[in-house]
Protein chains: 2
Amino acid sequence: MPRAGLSPDAIVDLTLQLIDEGGPAAVTLLAVACRAGVAPPSLYKHVRNLAELNTLVSVRVMDELADRSREAVLGRSGAQALRAFMNAWRHYVVMHPGRYAAMIQTSRPELVEAGGRLVDIVLAVLRSYGLEGVDAIHATRCLRSAVHGFAVLETTGGFGLPVDLDDSYELLTQMIISGLPKSAQDHADV
Amino acid sequence: MPRAGLSPDAIVDLTLQLIDEGGPAAVTLLAVACRAGVAPPSLYKHVRNLAELNTLVSVRVMDELADRSREAVLGRSGAQALRAFMNAWRHYVVMHPGRYAAMIQTSRPELVEAGGRLVDIVLAVLRSYGLEGVDAIHATRCLRSAVHGFAVLETTGGFGLPVDLDDSYELLTQMIISGLPKSAQDHADV
DNA sequence: CTTTCTGGCTATTCGCATTAGCTAACGGAG
DNA sequence: CTCCGTTAGCTAATGCGAATAGCCAGAAAG
């Protein structure tokens, strides 16, 4: 029995491969074990159960998305930053629909933490917009709702009509930006 | 073997009970069969398989939501109608989180049809707003994204912070209304 | 070199969806 | 009213996937 050099991280890597190829439904301990060149029960030495694996995957994806978003926002502020953030988000969703779908789970503590990192980015952007405190929370929720809602609908096939999706997203971006409290629009150069 | 008087509709009814009590995860053919006072295989006489049952449930919920929305919008127009629509939606989600979660599925033909009935309501509201054609499609998508995104985040525990959710939703409503094309704001009495 | 710990394996169990094949109840035609 | 076909239920059995138990070899630590 040669060792396979597994680890929770390595298992998540393999799981992401499966997700990219066959969507979240393709995630099976048997499938993961095959990838790892190992029998299914061996995975339990590294991961408590399937639920935990799903959580780990979700956290990984959130962090990946957070990285892309942070990167996109870097060096920008105000409306520019907001646009960049929203574009980065959708770009990720379109490029990795399976991962995005796998990210969505009912929140466990670890997910809340990873989600917090994502929220912090938005809060930073909104601060550059002049929003802070409770107002910033409300604005963040609106922004997340819009962006996430669009992403979910797009990936689940909720948008059936043959009308350009980029244009729709552009309108959504405009609506969010122009909908932020008037006092915050100083930096806006849409 | 006395007959149980089952039918696809009756099975959906029982499934909805299960969902209300234990969320979508509680839906099991065994559980449904118990409710019906019947052995699991008997269900296959009325429903092709679990996937079909899920689709039927989804359609039922969409129609229910459409009814509530239609009702809420009745006799109103413009911003009034829009507010009423958004409030009805969230009210449904808060009252029936399980059903709403069960409604979300990757789109099959039947779902597209039921979803269309929902979209038509929004389009009608937007028409009273002066929006038609492609513009109305884009606006509908934005509205759905916002509303659905908020609903999903709320029901999956995505909003962790102790800040009032009603206020956030109110802001979202404002943002949507004020974000619609200027030419369409004639009727707006926010 | 020996002891210990770790990661892998096989065998097994359990839950759930699904299929096969049997039988009894209902409902219409003679 | 009776006969017969269709329908709706049943029991039994299969298969897949998650999960547990308990064994064993090879790495690591002394």
Side-chain angles (χ1 to χ4, degrees), chain A residues 1-60 98 101-106 108 110-111, chain B residues 1-60 98 101-106 108 110-111:
Chain A
M1 308 173 195
R3 301 235 166 165
L6 285 183
S7 70
D9 253 17
I11 291 180
V12 170
D13 286 340
L14 298 172
T15 306
L16 285 175
Q17 285 180 20
L18 287 171
I19 289 172
D20 287 340
E21 292 167 19
V27 176
T28 260
L29 288 184
L30 176 65
V32 176
C34 283
R35 286 282 160 128
V38 135
S42 305
L43 297 175
Y44 289 87
K45 291 288 156 100
H46 305 277
V47 153
R48 188 174 11 228
N49 52 32
L50 182 61
E52 189 186 73
L53 174 56
N54 285 330
T55 302
L56 290 176
V57 167
S58 183
V59 169
R60 173 78 75 83
M103 185 190 79
I104 303 169
Q105 292 181 30
T106 48
R108 305 167 158 289
E110 310 91 313
L111 293 183
Chain B
M1 307 174 195
R3 301 237 165 161
L6 285 183
S7 70
D9 254 17
I11 292 179
V12 171
D13 286 341
L14 298 172
T15 307
L16 285 175
Q17 285 180 20
L18 287 171
I19 290 172
D20 287 340
E21 293 166 19
V27 176
T28 261
L29 289 184
L30 177 65
V32 175
C34 283
R35 286 282 160 130
V38 135
S42 305
L43 297 175
Y44 288 86
K45 291 288 155 104
H46 305 277
V47 153
R48 195 185 354 243
N49 53 31
L50 181 60
E52 189 185 75
L53 175 56
N54 285 329
T55 302
L56 290 175
V57 167
S58 183
V59 168
R60 172 79 76 85
M103 185 189 79
I104 303 169
Q105 292 182 30
T106 50
R108 305 169 159 286
E110 309 91 314
L111 294 183

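Worth knowing before you read on, the calculation uses all heavy atoms, side chains too, and leaves out hydrogens, waters and symmetry mates. Nothing here was measured: the structure is a model prediction, and the numbers come from that model. Lettering of chains follows the sequences in order, A, B, ..., and the numbering in each one begins at 1.
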Peer 1: How close or far is atom P of dT18(C) from atom CD of Glu52(B), stated in whole angstroms?
Peer 2: 11 Å
Peer 1: Heavy atoms under 4.0 Å, any strand shown: does Pro40(A) hit a base, just sugar-phosphate, or nothing?
Peer 2: nothing
Peer 1: With the side chain of Ala39(B) defined as its heavy atoms from C-beta on, choose the nearest nucleotide among dG8(C), dT18(C), dT11(D).
Peer 2: dT11(D)
Peer 1: Is it true that atom CZ of Arg108(A) has more than 12 heavy atoms of other residues, nucleotides or ligands lying nearer than 6.0 Å?
Peer 2: no
Peer 1: Send over the distance from Leu30(A) CG to dA19(D) P, rounded to a whole Å.
Peer 2: 13 Å
Peer 1: Over how many whole Å does the gap from Leu6(A) atom CG to dA27(D) atom P extend?
Peer 2: 15 Å
Peer 1: Figure out the CZ/C1' separation between Arg48(A) and dG7(C), and round it to whole Å.
Peer 2: 18 Å
Peer 1: Tell me the interatomic distance from Leu50(A), atom CG, to dG15(C), atom P, rounded to whole angstroms.
Peer 2: 18 Å
Peer 1: Ignoring backbone atoms, establish whether His46(B) has a side-chain N or O less than 4.0 Å from OP1 or OP2 of dT7(D).
Peer 2: no
Peer 1: Between the main-chain N or O of Asn54(A) and the side-chain N or O of Gln105(A), is there a donor-acceptor pair closer than 3.5 Å?
Peer 2: yes
Peer 1: Do the side-chain N or O atoms of Ser42(B) get closer than 4.0 angstrom to the phosphate oxygens (OP1, OP2) of dC10(D)?
Peer 2: yes
Peer 1: Given atom CG of Leu43(B) and atom P of dG9(D), what is their separation to the nearest angstrom?
Peer 2: 9 Å
Peer 1: In terms of the nearest nucleotide of DNA chain D, which residue is placed more toward the 5' end: Thr28(A) or Lys45(A)?
Peer 2: Thr28(A)
Peer 1: Let me know the distance between CG of Leu29(B) and C1' of dG15(C), rounded to the nearest Å.
Peer 2: 12 Å
Peer 1: Please tell me if the side chains of Arg60(A) and Asp13(A) come closer than 4.5 Å, counting only heavy atoms from C-beta onward.
Peer 2: yes
Peer 1: When the distance from OH of Tyr44(A) to C1' of dT6(C) is rounded to whole Å, what number comes out?
Peer 2: 19 Å
Peer 1: Do Thr15(A) and Ile11(A) have side chains that get closer than 4.5 Å, going by heavy atoms?
Peer 2: yes
